Amino acid sequence: MSSLLGNPQPTGSPSRWRSGAILEVTDLSVDYIMEGGIVRAVEDVSFEVSPGEFIGIVGESGCGKSTLLFAIAQLLAPPASISGGSVIFKGQSLVGLTERKLAALRWQDMSVVMQSAMNALNPVTSIGAQFSDAMRAHGVRSKAEIAQRSAEVLKMVGIDPVHLKSYPHQLSGGMRQRSMIAMAMLFTPDLVIMDEPTSALDVVAQRSLMVQIKELQQELGFAVIFVTHDMSLVRHFTDRLMVMYAGQVAELGATTRLFDSPLHPYTVGLMEAFPSIHGPRVPLTGIPGSPPDLGNPPEGCRFAVRCPKVLDRCYTTAVPLYGVDGQQVRCLLYENGEARG
Amino acid sequence: MSFVLRRLGFFLLTLWVALTLNFALPRMMPGNPAQVMIAGHRGVIPPGALKALEAQFGLDNHQNIVLQYLHYLVNMASGNWGVSLTTEPGNSVAHAVLDALPWTLGLVGVTTVLAFILGTGIGIVSAWRRGGRLDSIMPPIFVILTVVPYFFLGLLLILVFGVKLHWLPYFFTYNFTLTPAFNWPFISNVLEHAILPGFTLLITTIGTWILTMRNNMITTLAEDYVRMARAKGLPGWRIMLDYGARNAILPNLTGFAMSLGFVVGGAILIEEVFNYQGLGYLLLQAVDNDDYPLEQALFLLITAAVLVAILLSDVATAILDPRTRGAR
Amino acid sequence: MATLRAPGQAGTDQTPGYAGAIGGLPAVGGGGITGARALRRMARAIRSNGKATTGAVLLLIFILIGLFPGLIAHDNPNAEIYKPALGPSAQHLLGTTGLGQDVFAQLIYGARPVLEIAIGAGLGTTIIAMLIGVAAAYLGGVWDGVLNLITDVLLVIPAFPLLIVIASYLHGADTTVMILVVTFVSWSYTARQLRSQALSMRSRDFLEAARVRGERAFYIIVVEILPTMTSLLVASFLTNALYAILFSSGLQFIGLGDPNQISWGTMLYWADQGEALETGQTLWIIMPGLCIVALGAAFALLNYAFDEIGNPALRPVRSMQKAERRQRVKPAR
């Protein structure tokens, strides 16, 4: 691996990030400011990512997970903007940094993989050109180095480097997606943020892509935040899991714990909606109802109207996150730090 | 390559349709076209021209319509465009057209290119600095401008700069007391006469470019690949150009060709208002005098010119957009 | 209208994921939205958007002028009985023409033909374009190819020169002829737009649902496709009305209209012939032009506002209507 590009330059105060989390998100909130009013798409989300950790974020469409990702990566565009909280990456606070300062750590320390490579790749320039402009933006001038590194990353994902000359529309869906991942690997960043990178693919390609991502991660040691709506994917590949609902964190904890003993009724519903192929036959259930209007969120628990275990108090009490044995859950059932009924 | 060939084929087809329209229309109208022309000139027509006219319109009835048609096509293709009754009796249409051609080419050519370049540039910047001052005052101004008829703007400018202020001349292509020559007095006089008409044409056409480029840019800037470019930490100007403008300009190129049709229409009116002796002015003179051969030739020429421009912009699109170049 | 006339412009939805939430879709299973509600929504949208209000008010004023010219102008616009080339005064608000007619009266009476042409050609163009464009999209195959070719050829031939040539062979165009001729020259552009929108809808789910239900092609086109294209149809009408005004006044200016008709374009023609600019009869030549600009601006403003209001506001209404209907029609299985 090219040493010039393989070792990230430490940014920010060293003491903080060496001590554990490379990413600390605290009470992050994102608002969409529209003509009809303000919609808070993400509310008070907090979590940490340790180096090399693989974190999954799941939730239904519209729960705010993609918005959260873009907020972390400082890629929001009007009318969305961060309205509160902080994002500390390797000891440096990202919120409020100028684009100039952000540009320095973009891609080198943190890279992004988006959902649809067809939309995320510039249709009028070749793959190679898109690799090289990222490198040149970070000071790599020599054509030979650029060519070498581009070929390297493509080979990492199993694509023949001859495709550096191809245009995005000339590649198959799976190849496009993998070349996006290869592009994200250019500087071997510490954190890779992925927004449903496999949703656009068929099931077989999905699996092979996930395996590839996991292998790369274990080999190169980067942390991953992986957003998806597919529970079966997270089960096998993630270390920790965050379940989002209506812009808030519903549950957060180690993946195996969550799958074995889901706490929040929403999580339970999600698990039941994806029955295991090996398990006993159960009738397929969904979760009746639909998420609340975030322009006008309810007073109490946002899941109350759909919850099978709802209490009267749930409709009127704003619910904080409770810790239960290392897991966090936003549900009044666990008020005392342990399960109730 | 096949893309360009297909377009070429399409244009030849269109040219043929235009030719056929030209042939068919006068014959479909009530009345005898040649007689109308003759009546308009009350017998001040040399006999040779009369014969030619009759032949052109098949009034000698010696040939059936299909043969007339084929004859017509051959004539058009070989530059034998007939005799004009407008400029001087017996003057050839081809001659009259060639006299007027360079004036229009100069006026329309230069202003269109200027309008495209300036308009696109302003549109790009105004979209990039969304919400800036440039962006908030521009759209309403240009919406109003697109509504102003070309000729009316010309009249207003004549009123202000010509009649009231006496700053600029406003009729003819140059002062006819001067003899045409390649010296500075003549050339500067030509340029002086071209300022008002050129400016009118520039103002009326630039609005479209600015607005469409701005809107295309705004749409493009919302695309995922632009967000990706930001994520990669690319400098702002590079995102604006390589990721934004390069994609946003593509629909504009197609639009350029299409709107050329409108620019031509506007140029005709502007030449009329300023008595600018170009092809447009000639066309309108021909219309006034029922000079059908001249009208037809001009219409075909204008159509052909627009087609060539469209073909050129298609070639440019093929160069800039790899997706049009064909299969994987 | 600039934003619509450039072909190839992406009509992509830029609304972020929460536009629907703000729109406040009422609870499913509740009242649903009827046609009347939709109109009220549109009216509200127009009132809240400054551009739309200005445009609508302007248009209304001109329509009233066009319908009841006699109430506003008391002189006969044709009568050449006054002293020519007078300046503005109490008896002649805008002076008189070089031929001794009252300019103000001419201006007021001249509104109707312009409106007739604008609305007539606007409607005509949009309807023909709709028929051809949607048919081509829906029929597909050879029919699509043929209709497409015709549309493209007509599209590429420059409109105004063709207009001039046709009008010249006809020796001038009165209102009816003007409407026909302008429609002939303009329909191809809108046809292309409508066809491409119809094409993009062919594979949409609610159409598949209709097909699976066994509905016939005619039903699908009229009841499912057309209403969803409402915003584009309205925008096309406004654009085409605007261009009809510009085209027709241009033709009239060069003398190819009906010179005996009183219309803003013909006023400009006579003023130009009478060398109004040089002889200082400024009002005669400027006022009709300003009226054209004002009426055109009304259409353009409405159009620009519809660009902004258009899709998001009308679409949720449409789909709620559909959901409502689907709920009412319970399949008897």
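Note that the structure is predicted; figures quoted are calculated from it, not measured. First the proteins, then the strands, lettered A, B, ... as listed; each starts at 1. The basis for the numbers below is simple: all heavy atoms, side chains too, and nothing from hydrogens, waters or symmetry mates.
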- Item | salt bridge (Lys or Arg N to Asp or Glu O under 4.0 Å) involving A/Asp31 - partner list, sequence neighbours excluded | A/Arg40
- Restricting to pairs with a member in residues 91-143 of chain A, which pass ring pair (Phe, Tyr, Trp, His ring centres under 6.0 Å), not counting sequence neighbours? A/His138-A/Phe187
- Query: Which heavy-atom pair separates A/Ala137 from B/Gly233 by the least distance, and what is that distance?
  - Reply: CB-O, 4.0 Å
- Message: Taking A/Asp133 first and then B/Lys232, would you say they form a salt bridge - that is, a charged N and a carboxylate O separated by under 4.0 Å?
- Response: yes
- Non-hydrogen side-chain atoms of A/Val112 and B/Arg227 separated by less than 4.5 Å: no
- Bottom line for A/Ala73: the part with an atom under 4.5 Å from chain B's heavy atoms is neither
- Show your working on side chain to side chain donor-acceptor pair (under 3.5 Å) between B/Asp321 and A/Tyr167 and close with a plain yes or no. CA-CA 10 Å; B/Asp321 186 354; A/Tyr167 290 94; over 6 Å; no
- Task: Measure across A/Thr125 and B/Arg246 and return the closest heavy-atom pair with its distance rounded to 0.1 Å.
- Result: CG2-NH1, 3.6 Å
- Note on the structure: Closest heavy-atom pair, B/Pro322 versus A/Pro123, reported as atoms and distance to 0.1 Å, is CG-O, 3.7 Å
- Determine whether more than 12 heavy atoms belonging to other residues, nucleotides or ligands lie under 6.0 Å from atom CZ of B/Phe199. no
- Message: Any heavy-atom pair between the side chains of B/Asp242 and A/Val124 that's under 4.5 Å?
- Response: no
- Query: Going by heavy atoms in the side chains, are B/Tyr225 and A/Met118 under 4.5 Å from each other?
  - Reply: no
- Applying a strict 4.5 Å limit to non-hydrogen atoms, the region of B/Leu320 in contact with chain A is backbone
- Query: In terms of heavy-atom proximity below 4.5 Å to chain B, should A/Glu99 be classed as side chain, backbone, both, or neither?
  - Reply: side chain
- Message: For a side chain to side chain contact (heavy atoms under 4.5 Å, CB included) check, start with the C-alpha distance between B/Arg230 and A/Leu102, then their side-chain angles and the critical distance, and finish with the verdict.
- Response: CA-CA 10 Å; B/Arg230 275 175 69 199; A/Leu102 279 173; over 6 Å; no
- Task: With a 4.5 angstrom heavy-atom cut-off, could you sort out which part of A/Arg136 is near chain B: side chain, backbone, both or neither?
- Result: side chain
- Item | Interatomic distance, A/Asn122 atom CG to B/Ile239 atom CD1 [nearest 0.5 angstrom] | 11.0 Å
